[in-house]
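Numbering of ligands and ligand atoms starts at 1, following listing order.
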Amino acid sequence: MRAYASDKFGEISDLRLQDVPKPVPTADQILVEVRAAAVNPADLKVLGHKDGGRFLHAASFPLILGYDFSGVVREVGAASAPHAVGDEVYGFLPYARTTRGGTYAEFVAVGAAAAAKKSAAVTHEQAAAAATAATTALQALRDKGRLAAGQRVLVNGGSGGVGGFAVQIAKALGATVSATCSAGKMAHVTESGADQVIDYKATPLGALTETFDLVLDVASTSSYGTCAHLLNPGGAYVTLMPSVGLVFGLMRTLFSSRRCGFVMVKPVAADFAQISTWFDEGKLRPQVDSTFPLADLPRALEHLHSGGVRGKIAITI
Ligand SMILES: NC(=O)c1ccc[n+]([C@@H]2O[C@H](COP(=O)([O-])OP(=O)(O)OC[C@H]3O[C@@H](n4cnc5c(N)ncnc54)[C@H](OP(=O)(O)O)[C@@H]3O)[C@@H](O)[C@H]2O)c1
């Protein structure tokens, strides 16, 4: 099969469209013919073997990048219920050292629990673009942040992949949402449904005087220490990147009503199903900034690197 892969850790220029063996699913896996994938910052971390990327993928070559997929089930293992050949499914591969393949490829073998039915309301590109990003937002807001209806949340980095879904999912959970972004993307974040949009350069988090029940630091540019003044009693600071600041935050909250936490997203079929339901109900809108064919994957990765993206970049396979 054709896949975009690198024969070493390195740069975007090391990626080549090449022929690689088609994966063979195990008993608890399904083989998906990938129709679309999506770009994530993790791709560049894995390729560059930096910023924690070594913990997100096996060091096996050729290194096929890509986690998100949406496509059609072509083979099912003996223990891969509830999936059937012909089902349209989406999901993402685990961000883990055990992950050997990637979704910038014509086929991918995925665990049965790492896929769920794609909503008929969205395209394969839109579904793939939601897989990691919307699931991360859901697990961060609902599970780690324990966000409840009527509460106030601040999403730091509301214009990117995770942030665009975090704004929408927080609204779907009944919260009042404030979100930060760069000045040029404020209209986009307002369209996503944020009640208040803050230019992070004009008003840094340290200058905010309001308080929140949850600060979700998607951009992970802050820390519990610099956000503690923003938290109501019982409130939580949740980040997507581990850091020394996180350790200090965990220590500071040991004897406090406030909480500090880190989310590492996991592929959970029930969460994918919830996201599909929200798409069906029109509670979630797709977040695709642009779509590139597989042959243009390097250009797509450069586009993400440029910082000009609103939402997600999808890849048509
Ligand atoms: N732990 C996990 O499970 C997990 C899961 C998914 C992603 N992540 C990580 O989370 C991060 C975000 O992922 P993503 O897919 O949303 O990335 P993305 O699409 O590139 O979005 C990055 C966001 O950060 C914002 N940003 C940049 N500098 C900022 C600043 N100084 N203050 C506030 N916001 C700022 C950007 O806003 P502007 O573009 O408007 O500047 C944009 O909204 C990445 O590091 C990614 O690897 C972790």
Nearest non-hydrogen protein atom, [atom]:
{"atom": "atom 12 (C) of ligand 1", "answer": "V218 O, 3.6 Å"}
{"atom": "atom 7 (C) of ligand 1", "answer": "V162 CG2, 3.9 Å"}
{"atom": "atom 41 (O) of ligand 1", "answer": "Y200 OH, 2.5 Å"}
{"atom": "atom 34 (N) of ligand 1", "answer": "A219 CB, 3.3 Å"}
{"atom": "atom 22 (C) of ligand 1", "answer": "G160 CA, 4.5 Å"}
{"atom": "atom 1 (N) of ligand 1", "answer": "V263 O, 2.7 Å"}
{"atom": "atom 36 (C) of ligand 1", "answer": "S159 OG, 3.9 Å"}
{"atom": "atom 6 (C) of ligand 1", "answer": "T136 OG1, 3.6 Å"}

Which ligand 1 atoms, with their elements, are less than 4.0 angstrom from a heavy-atom of C181?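 Going through ligand 1 atom by atom, the ones under 4.0 Å from C181 are 40 (O).
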For G157, counting its heavy atoms only, list the atoms of ligand 1 lying under 4.0 Å from any of them.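 So the atoms of ligand 1 that pass are 25 (C), 34 (N), 43 (O).
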Using protein heavy atoms only, decide if any is under 4.0 Å from atom 29 (C) of ligand 1.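 Protein heavy atom within 4.0 Å of atom 29 (C) of ligand 1: present.
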Between [Y] and [X], is the closest basic N to carboxylate O distance under 4.0 Å?
{"X": "R2", "Y": "D19", "answer": "yes"}
{"X": "R146", "Y": "D213", "answer": "no"}
{"X": "R152", "Y": "E210", "answer": "yes"}

Shared hydrophobic cluster for [X] and [Y] (ILVMFWY, side-chain gaps under 4.5 Å):
{"X": "L284", "Y": "L138", "value": "yes"}
{"X": "L15", "Y": "L17", "value": "yes"}
{"X": "Y200", "Y": "V153", "value": "no"}

Counterpart residues, side-chain contact (heavy atoms from CB on, under 4.5 Å), relative to A148 (two or more places apart):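 Listed in chain order: Q151.
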Not counting sequence neighbours, which residues clear side-chain contact (heavy atoms from CB on, under 4.5 Å) with T221? List them please.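 For T221, the residues satisfying side-chain contact (heavy atoms from CB on, under 4.5 Å) (neighbours in sequence not counted) are N156, D217, A219.
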Check against side chain to side chain contact (heavy atoms under 4.5 Å, CB included), R258 and R252: CA-CA 9 Å; R258 296 176 175 85; R252 277 186 61 179; over 6 Å; no
[X]-ligand 1 polar pair, N/O distance under 3.5 Å:
{"X": "V265", "value": "yes"}
{"X": "G161", "value": "yes"}
{"X": "S182", "value": "yes"}

One residue to check: [X]. Relative to ligand 1, which of side chain, backbone, both or neither has a non-hydrogen atom less than 4.0 Å away?
{"X": "T221", "result": "side chain"}
{"X": "L240", "result": "both"}
{"X": "K312", "result": "neither"}

Just wondering, more than 12 heavy atoms not from F61 lying within 6.0 Å of its CZ?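 Result for CZ/F61: enclosed.
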Heavy atoms of other groups near K117 NZ, more than 12 under 6.0 Å: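 For K117, atom NZ is not crowded (no more than 12 foreign heavy atoms under 6.0 Å).
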Going by heavy-atom distance to atom 39 (O) of ligand 1, choose the closest among M264, M241, K185, R310.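 Going through M264, M241, K185, R310 one by one, K185 has the nearest heavy atom to atom 39 (O) of ligand 1.
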Strictly under 4.0 Å, does any heavy atom of K45 approach an atom of ligand 1?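 The answer is yes, since K45 has a heavy atom less than 4.0 Å from ligand 1.
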I want to check something: taking the side chain as every heavy atom from C-beta on, are T136 and F165 in contact at a cut-off of under 4.5 Å?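 The answer is no, as the side chains (C-beta and beyond) never meet within the 4.5 Å cut-off.
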